Structures are given as structure tokens and as C-alpha cells.
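All heavy atoms count here, side chains included; hydrogens, waters and symmetry mates do not. This chain uses plain numbering: 1 for the first residue, then up along the sequence. This one's a predicted model, so the numbers in the text were calculated from it and none came from an experiment.
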Amino acid sequence: MRYDVIVIGGGHAGTEAAAAAARFGAQTLLVTQKADKLGEMSCNPAIGGIGKGHLVREIDALDGLMGKAADAACIHFKMLNRTKGPAVRGPRAQADRKLYRAAVQALLAAQPNLTILEDEAVGLIREAGGHIKGVRLARNGEAACGAAVLTTGTFLNGVLHFGSEMISGGRIDDAPSTGLAADLHALGLPLGRLKTGTPPRLDKRSIDWEGLPEDKGEDPPEPFSSLTSAVTNPQISCRVTATTAKTHDIILENINKSAVYGGNIAGRGPRYCPSIEDKVVRFKDKPGHQIFLEPEGLDDETIYPNGISTSLPPDVQEWLVRSIPGLARAKIIRPGYAVEYDYVDPRALDHGLQVKALPGLYLAGQINGTTGYEEAGAQGLVAGLNAARAAGGMAPVQLGREQAYIGVLIDDLVTQGVTEPYRMFTSRAEYRLQLRADNAELRLTPLGLQWGCVGTARAHTFAALQAEIEAFAGKPEGESRAARILRADLHYAGYLVRQEAEIKARARDEAVLIPEDFDFAQVGGLSAELREKLERTRPRTLAAAGRIEAMTPAALGAIFGSLKKRRRAA
């Protein structure tokens, strides 16, 4: 069997990659171990947030799946930072897990050019020149392709940690991907280990809800997708509690039993989503840490205690949970655990998410060192689209830092690499005043139309939005979407003029190309550390070199001087 594009993995990155490739018109195969797990929310039952909500709106503007699925599953919505400026507001929807998974699967089932196969990818097939030409499957032999996208999530050599107990797995009840991991090692890709974690799940019926503060959502909820007229699910409230001094004592007394602090895990975890052990150790003077008790569905008795991810043994988790107000009688349905997995240093990729040393191979999601559904989905869309374009003999596309949070995400990864799982924040974007969640469609849908990844329905919706904005120009009154966008533009008008000047200055640096054979060792004034980083990353432009960690104005000037000297000598 032969396909234009083969996507390996059916999580948030894989489903976006497969859908994007198929929307482009490429015959696409999505390989997943369990088709009924496509679109599974492996950890937190929520989509969006600060920075992350921007990514979801951008995915939607390029006709991706995540925003539509979140709207179909939304049971609790909030616009985070609503009291602040529109540039840093972050839409967040708590989702019904079953509804979200069903929505993703329905969208994939309706997508032309897409075939779904239950199997395990165990290796890659290369041509003599190194180009990827196919995938080896555990049960269905070999499948040929023009390009392949790996979206392995936490499955690549995945190990689950419950205290000192270690179990092979990508997530609970799912086997890891070991054959593919061995193949990537053999190919010489720069691999490392990272870890993430999840909290115990609680039985809703065992919680003392009375007396716990209520966390209400906004009503009516605001859709993520411009194709959603309204969210129709019933909306629920969450409750809030917090750890206590007793909780902290239990954790500290048993800290050596934690997989992380006991020495069983080498991979580094996400700084901005730490385990409860990390919180207690790092913030010893803090009397308590907030916990949101989030229902996992409208007809689900499972509660997700957001804020107590842990790798402590199950018996310690019982004591920990029952020391928390409202949870004295709580029953743990499933203990929390940490998962450690292989990732590829993203500096091995170009800005189209193709592996530089293996043409035709694209990576997206946690395999690139990121954390979160939104970061994964954004990468998946770009990788899938570029894989489809490559299979069709077309040039790749990419987004700049001044165009989208997706551009910031990818540029940060391929230029700087990661030392811990990467999470998106609005503070990472230099041009966040113009990269707002409310104007994602205006920024990106025209590009999506040019690139061939936007369908007819969205094209019509976008044309209607443009007409509405033209009608409202000069009089942005009322509460319509076009009016809110125009008011935000007026609010930031002075700052946007200055940002535009900065963007033009950066564009000049982006125009200064660094030849592929440029020898950074011959540039005077560079430290050994900086030379090593430049050689490993091989930035394509002076602007990209300026974004490398530890780069200084003096060092950048030295590189620019060497480039000018080289051009004069040519």
C-alpha cells in the first residue's frame, strides 16, 4: 500500500497532522494503536488558557480540529485575564472527555482523503540518499509514502512511575512504542528524556462538596471556532480546595518514595506544571496550593483534581488526598503517576518541522520537547501540511514570530531547543499586541487559503467576517465580534505602530542569510559555548542567530562583520 503522507500517532498532534494533510488533498494514512482512543485527552480535561488559547484560535483559523472539538465538548468556559488587555486574554474550556474524543473522531471520519489503520509503526524505510520512503508496521508489513509525520507523544520508550514501581507504557493501559524508539536511536537522531505527570482521579460521590468554594464558568460560553454558532452543552461549576500543612508534612516525610526525588527518573519535568512534590519542596513557606476539582464529563463520576500531579506511591497518595479539605472520605479511582519518555532535540528540525538529516520525516508534539495539547496540535497542523506539500513536490510553508504564536512556538523550539517540556505563554511573543486570540482568523485564514489547508465552509465564514469589519470600520460600537476586534485595534493603535517598526527592523535581519557552509569557528570574539550552539543549530539568518540562547549584541555584530567580509571576498 502507498500513501502520500503517513502519520504515526493519534493524539492531538497526530489528528491535526492527518487532517491537515488530507485537507490539502494528500492521500493520508493515520496509524494508531487503538482507533477508539483517537483524540484522547490523556491528562487534563481542558483546552486553552493563557497563550494556549491563542494557539487553539490559530489552529482553528487554519481550519484545524481542536477548536471545533472543544466547542462540541465544552462544559465550563472562562476567559482568563478578562480584566486585562485583549492581547493577553486566554480562552479556556473544560471539556467532557467522551464528547471531545467523539467530536475528533467524527471530524476525522468525515475528512476525505484520510484512512485510519490500527497498527503499530516499528520502523522507518529510507532510500539510499536518506529520504524517508515508507514505514514498517507490526501487522501490515510495509507502507510506502512520500513523507511521514511522527507524533509519538509520551509513547516513545515510555515508562510509568508509581513511586518505586515502574511499568512500561505510553499512558495507563497503553503499551509504549519501543520498536520505533530503537529505530530512531539507530538513525542517530539526538534523543533525550523528559517527564510529565498526572494526578489521581477521584470518585465524585466520595467528595464532601458542601463548604468548598464554587468556581463558576461564564454563561454563555464563548466558542473557540468561528464555525460554531453557539455552545449547546449544559454548563457545570467546579469547586476549589487547597493543600494543608498536614498535606505538606505527608509529602515531605515520604519524599524519597517519589519517583522523581527517589532517583528513578532522569528526565526533567515541566517547570510551569510541577508535581505537588515539586511545589512543596520549592515553595516551603507557602501554606497551601490551590486545587480545582474538575468533573471529567456530564455523565462521568470521575473528578480531576487539578493541581496535585504526583509520582508518590498509591498508599501515600491516599493519605495525601485525605488531608485536603473536602477530600477526607475521597476514593481514588486511579492513582496519579509520572511518565518518562524519549524526545528528539528540536534543533535537529527546520522551521517546517522536517528533520534536517532525514528529508521527508516530520516531527510534531511531545517528541519535540513540548507539553500540552495545544502546542502539540499547532505543530501537528504545520507538520502535516508541510509533509503533504513535500509529497506533492511543493515548497514548505512557515509562520514568522510576527505572524502567529505558532511561529513563536516553532522558532523557539528549532532555534533554542529545550531543557524542560516547553509550554506556551503570551510573554514568549515579542509582538503579542497584534497576535491576539480575537484576530487569529484575520491573521491566518488568508494564508491558509493560499496554502491549501482551508475548506469551503471556513472560506465563506471568513468572507462574511471581512464584510462585517468593513461595515463597522470607523464606528466599532456594540458587542459583535467585528466591533470587539476593531476596538482592540484602536486600543493598541500607538503601540502597534512601534511594533510595526520593530518588525521591519527584524525583517532586515531576516534578509541577511547565513550560508550553509559558513564556518562559525572563524568568527572572532565568540565563546566556545556560543560556537557550539551555532554549529548545532545552524541558523539560516542573522535574526535567527540573534535568538539563540546566550547570544550577545557584540557576538551578533561579529557574525554580521564576518558575513560582510565573506561577501566582499566573493
Side-chain angles (χ1 to χ4, degrees), residues 6-15 17 30-43 101 116-124 135-140 143 148-198 201 259-260 262-270 275 309-311 314 334-346 361 363-373 376 379-380 418 421:
I6 296 177
V7 177
I8 299 168
H12 302 278
T15 52
L30 173 57
V31 180
T32 181
Q33 292 186 26
K34 296 180 180 178
D36 63 352
K37 292 285 187 76
L38 286 169
E40 181 78 7
M41 304 180 89
S42 300
C43 190
R101 188 171 60 236
I116 296 169
L117 176 67
E118 275 195 345
D119 206 334
E120 180 185 358
V122 295
L124 300 170
V135 176
R136 291 195 301 275
L137 302 169
R139 297 187 293 278
N140 287 277
V149 185
L150 295 189
T151 68
T152 50
T154 59
F155 282 68
L156 209 59
N157 265 340
V159 177
L160 311 183
H161 295 264
F162 302 83
S164 61
E165 183 183 6
M166 292 182 284
I167 301 172
S168 293
R171 63 184 168 217
I172 198 77
D173 298 327
D174 286 316
S177 178
T178 54
L180 187 58
D183 197 54
L184 295 182
H185 274 277
L187 289 173
L189 291 180
L191 293 160
R193 297 286 276 177
L194 291 174
K195 78 100 176 171
T196 189
T198 193
R201 304 304 198 270
V260 176
N264 291 337
I265 294 181
R268 189 166 180 180
S275 67
S309 292
T310 182
S311 63
R334 191 185 78 200
Y337 60 90
V339 56
E340 190 180 22
Y341 54 94
D342 285 352
Y343 80 101
V344 174
D345 186 336
L361 179 62
L363 309 183
Q366 284 173 290
I367 192 172
N368 290 340
T370 60
T371 182
Y373 307 147
Q379 294 171 72
V418 298

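Here Glu120 pairs with nothing under the side-chain hydrogen bond (donor to acceptor under 3.5 Å, both in side chains) rule; sequence neighbours left out. For Tyr373, the ring-ring contact (aromatic ring centres under 6.0 Å, His included) test picks out His12, with sequence neighbours left out.
Within the 4.5 Å cutoff, no side-chain heavy atoms of Leu191 are placed close to those of Tyr343. With contacts defined as side-chain heavy-atom distances shorter than 4.5 Å, the pair Arg171/Thr198 does not qualify. Considering only heavy atoms from C-beta on, Val260 comes within 4.5 Å of Ser311 through its side chain.
By the 4.0 Å N-to-carboxylate-O rule, Asp36 lies too far from Arg101 to be salt-bridged with it.
A donor-acceptor pair is defined here as one N or O able to donate and one able to accept, closer than 3.5 Å; such a pair exists between the side chain of Glu118 and the backbone of Ala35. With Tyr341 contributing its side chain and Thr196 its backbone, the two residues share no donor-acceptor pair below 3.5 Å. At least one donor-acceptor pair closer than 3.5 Å links the side chain of Asn368 to the backbone N or O of Leu363.
Annotation for Ala364 and Ala13: closest pair O-CB, 3.8 Å, computed over non-hydrogen atoms. In terms of heavy atoms, Thr151 sits closest to Gly9 at OG1-O, 3.2 Å.
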Quiz item: Would Tyr337 and Ile172 count as a side-chain contact (heavy atoms from CB on, under 4.5 Å) if you check the C-alpha gap in whole Å, the side-chain angles of each, and the deciding distance to 0.1 Å?
Solution: CA-CA 9 Å; Tyr337 60 90; Ile172 198 77; 3.8 Å; yes
